[in-house]
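Working notes, structure below.
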Amino acid sequence: MMADFANVSFDYIVVGAGSAGCALANRLSADARNKVLLLEAGPPDTYPWIHIPVGYFKTMHNPRTDWCLRTEPDPGLAGRSLAWPRGRVLGGSSAINGLLYIRGQPADYDQWRQLGCAGWAFDDVLPYFKHAEDQERGADAFHGTGGPLAVSDMRVRRDICDAYIEAAAALGIPRNDDFNGATQEGAGYFQLTARNGRRCSAAVAYLRPVRNRPNLAIVTGALVHRVLIEKRRAKGVLFEAGGTLHQASAHGEVILAAGAVHSPHLLALSGIGPGARLARAGIEIVHDLQGVGENLQDHLQARAVYACTRPTLNNEVNNPFLKLKIGLDYILFRRGPMTMGASQVAIFARSEPALDTPDIQFHIQPLSSDEPGKGLHRYPAFTASVCQLRPESRGRIETVSPDPSRPPVIHPNYLSTPKDRQVIVAGMRLSRRLCETAPLRDFVKAELVPGPDVRTDADFLANAQQTATTIYHPAGTCRMGIDPLAVVDPRLRVIGIDGLRVADASIMPTLVSGNTNAPAIMIGEKASAMILEDCATGLVRAA
């Protein structure tokens with residue numbers, strides 16, 4: 001909907017209708033006294049492939065739903081530039097991701113608390129995970145029911161996936177049927193953010209049930225130019241929609257929930273960021289905040305592809321009759337391969353026995369392709385990707401122009417530390433060991449990638465540098481903390497500016513050990529609770 005912005009002031013303006021932003025819009029507008037404006041740069045989520053789980057093959061790298069960003073050439077990846085999919089649609093990246101529901105390890109959040117982020121230890125955030133969740137298996141000490149976000153078991157199980165789990169057990173990696181329960185370590189099937197075989201994006205979960213609230217305005221196709229700041233206080237936003245500039249006022253707060261790329265970009269466009277860089281970009285400095293755009297972290301995946309001794313999903317998709325059966329199975333019964341997420345099986349393991357918790361994660365797929373959106377190979381094969389869960393490498397997001405339509409520059413700086421290089425090699429070696437272990441070895445005809453010629457640590461590292469790619473988990477660029485390089489404090493308030501917060505994966509001090517959609521939704525849940533609490537206790541002054 002399009003509101004008349006000239007004659008209305010909102011209590012809260014939320015920028016970005018992604019994983020966190022949808023949760024914020026829902027929770028903040030639950031009180032009818034709060035007028036909430038939600039702005040999303042992308043279109044409504046009407047594209048049918050969004051709502052079919054396997055549809056991420058159609059939505060990634062598609063300008064209809066994806067920002068289609070690219071990194072700068074990265075020295076750690078042999079000078080390669082990577083595509084960086086980020087959702088540009090109602091639901092954000094939760095509308096185009098692989099649906100995998102992983103929270104990370106309790107130690108991740110306990111570390112945030114140790115870094116000075118009071119209120120962010122695992123015991124503090126667990127209630128918000130549970131509050132968000134509608135767990136298919138029912139409620140227990142770690143899970144909730146009745147929340148907006150559907151979490152369900154995989155509807156497809158395949159022999160090769162079971163063989164992976166058994167091979168892991170043979171190597172001492174235990175079976176784990178709940179990576180979000182008492183422990184993360186082990187091998188098992190992912191759960192998905194899906195309900196009845198349909199994607200449950202943040203927009204489906206949090207916006208669809210409340211979109212008719214009279215106090216909630218949702219505007220799509222709205223490109224925010226900047227936050228409007230007067231006397232060190234956010235007063236609203238300037239945005240473009242339908243070819244027209246609009247100014248929306250907030251007498252409460254502006255909350256940026258535009259993600260790890262665009263939230264720091266919007267701060268910079270608003271004159272908040274490292275002063276020297278803002279000056280080089282031709283942006284007037286409102287507040288010199290050195291940490292904006294710094295601390296960029298991401299999970300880098302090294303993919304292994306194995307030719308298979310028996311048919312895989314590649315064969316079914318490339319056979320017109322079997323492909324028709326797949327489609328009918330989904331249309332009639334909401335089952336079969338079209339209900340699959342980006343991976344079937346996860347393995348969380350340690351790169352060395354002395355570690356306290358897993359530091360590598362596998363994503364196992366009974367199919368193979370060059371990348372999502374490129375189509376499946378025409379021969380039977382399967383894929384195992386491995387990533388380092390807690391990278392030490394740090395990159396940055398840099399705004400280089402005051403033009404809001406010009407994307408920021410992305411410097412991931414992958415594999416820039418010895419530890420990161422060591423762990424990626426260890427993960428690739430473990431991948432090969434798994435495929436040489438019964439019963440999985442019976443499925444393996446040949447290792448295609450990285451290939452039998454890759455034998456030494458130097459070989460494995462070179463292969464990673466030449467072929468590894470993002471697994472779509474950027475975070476940390478508006479880091480929460482209490483030190484001089486922090487961007488937001490533990491209440492997610494932008495340091496030095498009143499009435500402005502950031503609430504998305506960009507606030508993570510350190511990247512969580514796993515997929516980032518569930519943590520981003522938790523951040524939106526917790527942020528909304530803090531905002532309402534601060535308002536009720538008078539900690540936030542109305543403009």
Side-chain angles (χ1 to χ4, degrees), residues 69-86 104-105 107-108 111-112 115 259-261 263-265 274 277 290-303 348-352 355 357-363 385-398 408-431 450 457-458 460-481 483 485-487 505-516 519:
L69 302 170
R70 292 199 71 87
T71 71
E72 292 299 290
D74 196 302
L77 299 183
R80 291 184 296 126
S81 171
L82 300 184
W84 257 37
R86 295 283 87 201
Q105 299 169 8
D108 298 331
Q111 183 189 19
W112 293 4
L115 292 171
V261 175
S263 282
H265 183 47
R277 286 189 192 155
Q290 289 293 309
V292 171
E294 299 293 331
N295 194 49
L296 174 62
Q297 301 157 62
D298 185 29
H299 288 142
L300 181 73
Q301 62 170 327
R303 298 169 69 251
F348 290 92
R350 310 177 198 209
S351 65
E352 50 186 282
L355 294 174
T357 60
D359 65 333
I360 51 179
Q361 177 185 5
F362 286 84
H363 291 73
S385 76
V386 62
C387 70
Q388 179 190 8
L389 289 172
R390 294 183 291 277
E392 293 180 348
S393 298
R394 297 291 185 269
R396 73 179 188 276
I397 301 292
E398 184 175 353
V409 170
I410 303 169
H411 296 279
N413 205 27
Y414 291 118
L415 297 177
S416 60
T417 72
K419 182 65 173 179
D420 289 2
R421 296 191 288 270
Q422 173 190 331
V423 175
I424 200 73
V425 168
M428 295 170 77
R429 284 195 175 278
L430 178 56
S431 178
D457 286 357
F460 278 107
L461 178 59
N463 182 266
Q465 292 169 327
Q466 293 159 11
T467 65
T469 188
T470 177
I471 205 164
Y472 322 120
H473 300 159
T477 49
C478 296
R479 179 170 65 82
M480 170 174 57
D483 61 279
L485 287 178
V487 176
S506 72
I507 66 94
M508 294 182 182
T510 53
L511 186 54
V512 295
S513 302
N515 309 74
T516 50

Residues at least two apart in sequence or cross-chain that pass side-chain hydrogen bond (donor to acceptor under 3.5 Å, both in side chains) with Ser513, listed by chain then number, are Asp108, Arg390
Say you draw a straight line from CG of Leu77 to CG of Leu300; how long is it, rounded to the nearest 0.5 Å? 5.5 Å
Exercise: identify the closest heavy-atom pair between Val409 and His411: CG1-NE2, 3.2 Å
For Gln297 against Ser393, the heavy-atom pair lying closest together: CG-O, 4.2 Å
Taking the side chain as C-beta and beyond, is there a heavy-atom pair between Asp298 and Pro412 under 4.5 Å? no
Does Arg86 reach the side chain of Pro474, with side-chain heavy atoms less than 4.5 Å apart? yes
Contact summary for Arg394 and Pro391, nearest pair of heavy atoms: NH1-O, 2.8 Å
Spacing of CD1 belonging to Ile424 relative to CZ belonging to Arg429, to within rounding of 0.5 Å: 13.5 Å
d(Glu294 CD, Cys478 SG) to nearest 0.5 Å is 11.0 Å
Would you mind listing every salt bridge (charged side-chain N to carboxylate O under 4.0 Å, His left out) that reaches into residues 408-427, with sequence neighbours excluded? Glu352-Lys419
Residue pair Thr71 / Ser81: nearest heavy atoms and the distance that separates them: O-OG, 2.5 Å
Heavy-atom distance under 4.5 Å between the side chains of Ser385 and Ile471, does that happen here? yes
For the pair His363 and His473, name the ring-plane relationship: parallel under 30°, tilted 30 to 60°, perpendicular over 60°. tilted
